[in-house]
Amino acid sequence: MSWLKRPVKGLLLDISGVLRDGDHVIPGSLEAVQRLQASGIPFRLVTNETQVTVEKTVEKLTKLGFTGICPSSIFAPAPAVAAHLRENSLRGYLLVHPNVLPQFEGVETTEPNCVVVGDAAEHFNYERLNQAFRVLLSLRDKEEPMRLFSLGKGRYYKEEDGLCLDLGPFTAALEYATGAQAQIFGKPNATFFQAALKDLSLSPEEVVMIGDDIVGDVGGAQGAGLRGVLVRTGKFRASDENHDTVKPDAIVDNLSQAVELIMNQNL
Ligand SMILES: *[C@@H]1O[C@H](CO)[C@@H](O)[C@H](O)[C@H]1NC(C)=O
Ligand SMILES: *[C@@H]1O[C@H](CO)[C@@H](O)[C@H](O)[C@H]1NC(C)=O
Ligand SMILES: *[C@@H]1O[C@H](CO)[C@@H](O)[C@H](O)[C@H]1NC(C)=O
Ligand SMILES: [Mg+2]
């Protein structure tokens with residue numbers, strides 16, 4: 001198989017749709033992760049989760065049986081944007097879910113000179129959106145860049161009770177009102193994948209990304225020079241196999257199969 005011609009020295013795994021679906025483990029994924037851990041092939045988890053901290057994500061995974069995963073091995077948009085704010089001494093208006101606020105520890109929030117949009121869910125309201133809008137306009141008035149950072153560009157997602165607006169539409173509303181263009185932290189931005197590669201100390205050609213999102217996971221990873229493998233679990237749809245723009249390096253039935261193939265190749 002051509003995607004296995006080059007050795008696989010490390011992996012990036014999506015969480016939702018690859019390891020778990022909501023509160024359920026995807027069959028075979030626990031064992032697959034254990035196999036990876038035993039093999040010594042390093043891996044990192046890359047997620048677009050923006051409602052909770054990475055510590056909480058670890059806690060949830062541990063409850064499902066995924067042990068031996070530490071917060072520093074999870075790459076999520078909130079810590080990435082928080083680091084960006086700290087490094088550049090930016091003061092943020094944080095239009096994010098309260099549960100993810102601990103991730104912004106040490107970030108100044110008084111007299112904000114940038115806006116951060118996460119999936120605030122029921123905490124999006126007129127007043128907060130309008131406040132974000134005013135921060136951006138005040139920057140324009142000061143002839144500063146209108147710094148609008150978004151933790152993704154999802155349109156909607158599915159919860160137990162039905163479909164829900166994701167953060168994308170709210171980011172788009174602020175873009176529309178102000179003319180600002182949001183910078184996206186998270187998948188499919190190549191910078192996001194590069195941070196995980198750097199942590200692995202591997203180059204893009206050495207690493208494979210496995211995900212259920214044809215655009216965010218597979219297309220994003222390929223854009224950063226990695227091989228992108230699509231799994232037929234999670235939100236996968238048959239039509240993804242003939243996507244207009246993204247051609248996965250491989251399509252596998254599940255994580256377990258991908259790990260099996262990689263192990264056989266790396267023998
Ligand atoms: C994963 O996919 C492989 C290949 O199709 C299949 O044999 C296996 O049963 C699947 N694993 C689970 C747990 O469904
Ligand atoms: C983020 O994750 C959710 C849940 O898996 C998904 O529905 C959504 O499309 C994702 N967004 C992006 C930009 O990957
Ligand atoms: C990608 O992320 C970087 C920072 O991590 C940001 O500066 C850049 O603007 C983002 N690119 C896009 C297209 O949003
Ligand atoms: Mg996913």
Side-chain angles (χ1 to χ4, degrees), residues 1 12-22 24-35 45-51 57 60-61 65 74-88 90 92 114-117 119 145-154 156-158 166-168 171-172 174-175 180-199 209-221 223-224 228-237 240 246 248 250-264:
M1 267 172 277
L12 302 183
L13 308 180
D14 179 29
I15 297 178
S16 175
V18 175
L19 301 189
R20 63 164 164 82
D21 243 336
H24 305 279
V25 176
I26 292 179
S29 290
L30 265 183
E31 296 77 7
V33 167
Q34 284 164 357
R35 267 186 96 178
L45 304 178
V46 288
T47 176
N48 70 355
E49 174 63 70
T50 75
Q51 277 201 6
T57 299
K60 282 204 225 167
L61 286 171
I74 299 192
F75 287 78
V81 85
H84 182 76
L85 265 55
R86 284 188 214 101
E87 279 158 23
N88 294 282
L90 291 169
C114 69
V115 168
V116 176
V117 183
D119 182 9
M146 289 191 277
R147 300 178 200 88
L148 173 59
F149 304 134
S150 186
L151 300 182
K153 54 194 290 191
Y156 55 86
Y157 54 83
K158 194 160 157 266
D166 201 348
L167 76 184
T171 303
L174 291 171
E175 289 183 318
Q181 171 138 34
Q183 289 174 260
I184 309 297
F185 282 70
K187 299 182 273 192
N189 188 335
T191 312
F192 187 62
F193 290 97
Q194 280 149 9
L197 290 175
K198 192 171 165 213
D199 195 48
M209 166 78 204
I210 301 175
D212 66 327
D213 186 315
I214 179 83
V215 175
D217 295 327
V218 177
V229 171
L230 184 69
V231 284
R232 293 190 182 97
T233 53
K235 67 167 128 183
F236 167 82
R237 293 286 168 273
D240 295 340
V246 184
I251 304 176
V252 294
D253 284 342
N254 49 48
L255 176 66
S256 169
Q257 189 188 12
V259 168
E260 171 80 18
L261 292 168
I262 291 166
M263 293 294 184
N264 290 339

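Quick note: numbers below take in every heavy atom, side chains included, and nothing from hydrogens, waters or symmetry partners. Being a predicted model, the structure only gives us computed values, none of them experimental. Just follow the structure's listing: the first ligand is 1, and inside any ligand the first atom is 1.
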Pairing of R232 and D253 as salt bridge, 4.0 angstrom limit: yes
Any N, O or S atom of D14 closer than 2.8 Å to the Mg ion (ligand 4): yes
Considering all heavy atoms, the nearest A196-L12 contact: CB-CD2, 3.8 Å
Check: L85 and F149 side chains under 4.5 Å, non-hydrogen atoms: yes
Min side-chain heavy-atom separation V252-L230 under 4.5 Å: no
Ligand 3 atoms in contact with F185 (distance to a heavy atom under 4.0 Å): 4 (C), 5 (O)
Proximal heteroatom of D212 relative to the Mg ion (ligand 4) (N/O/S): OD1
Any N, O or S atom of D213 closer than 2.8 Å to the Mg ion (ligand 4): no
Proximal atoms of ligand 1 relative to P27 (non-hydrogen, under 4.0 Å): 13 (C)
Nearest-contact summary for atom 5 (O) of ligand 3 - protein heavy atom, Å: T191 CG2, 3.3 Å
Separation of I210 CD1 from T233 OG1 (nearest 0.5 Å): 10.0 Å
Basic-acidic side-chain contact under 4.0 Å: K187, D213: no
Closest protein heavy atom to atom 14 (O) of ligand 3, given as residue, atom name and distance to 0.1 Å: I184 N, 2.7 Å
Heavy-atom side-chain proximity of V117 to L151 below 4.5 angstrom: no
Any donor-acceptor N/O pair, D212 side chain to F236 backbone, under 3.5 Å: no
Heavy-atom nearest neighbour in the protein, as seen from atom 12 (C) of ligand 3, with distance rounded to 0.1 Å: N189 ND2, 3.6 Å
Shortest non-hydrogen contact between S150 and A182, atoms and distance: CB-CB, 4.2 Å
Numbered atoms of ligand 1 (with element) below 4.0 Å of D253, judged on heavy atoms: 2 (O), 4 (C), 5 (O)
Proximal atoms of ligand 3 relative to Q183 (non-hydrogen, under 4.0 Å): 6 (C), 7 (O), 8 (C), 9 (O), 14 (O)
Any N, O or S atom of N48 closer than 2.8 Å to the Mg ion (ligand 4): no
Verify atom 7 (O) of ligand 1: protein non-hydrogen atom under 4.0 angstrom away: no
S256, portion touching ligand 1 at heavy-atom distance under 4.0 Å: neither
Nearest-option assignment for atom 3 (C) of ligand 1, heavy atoms, candidates L255, N254, L261: N254
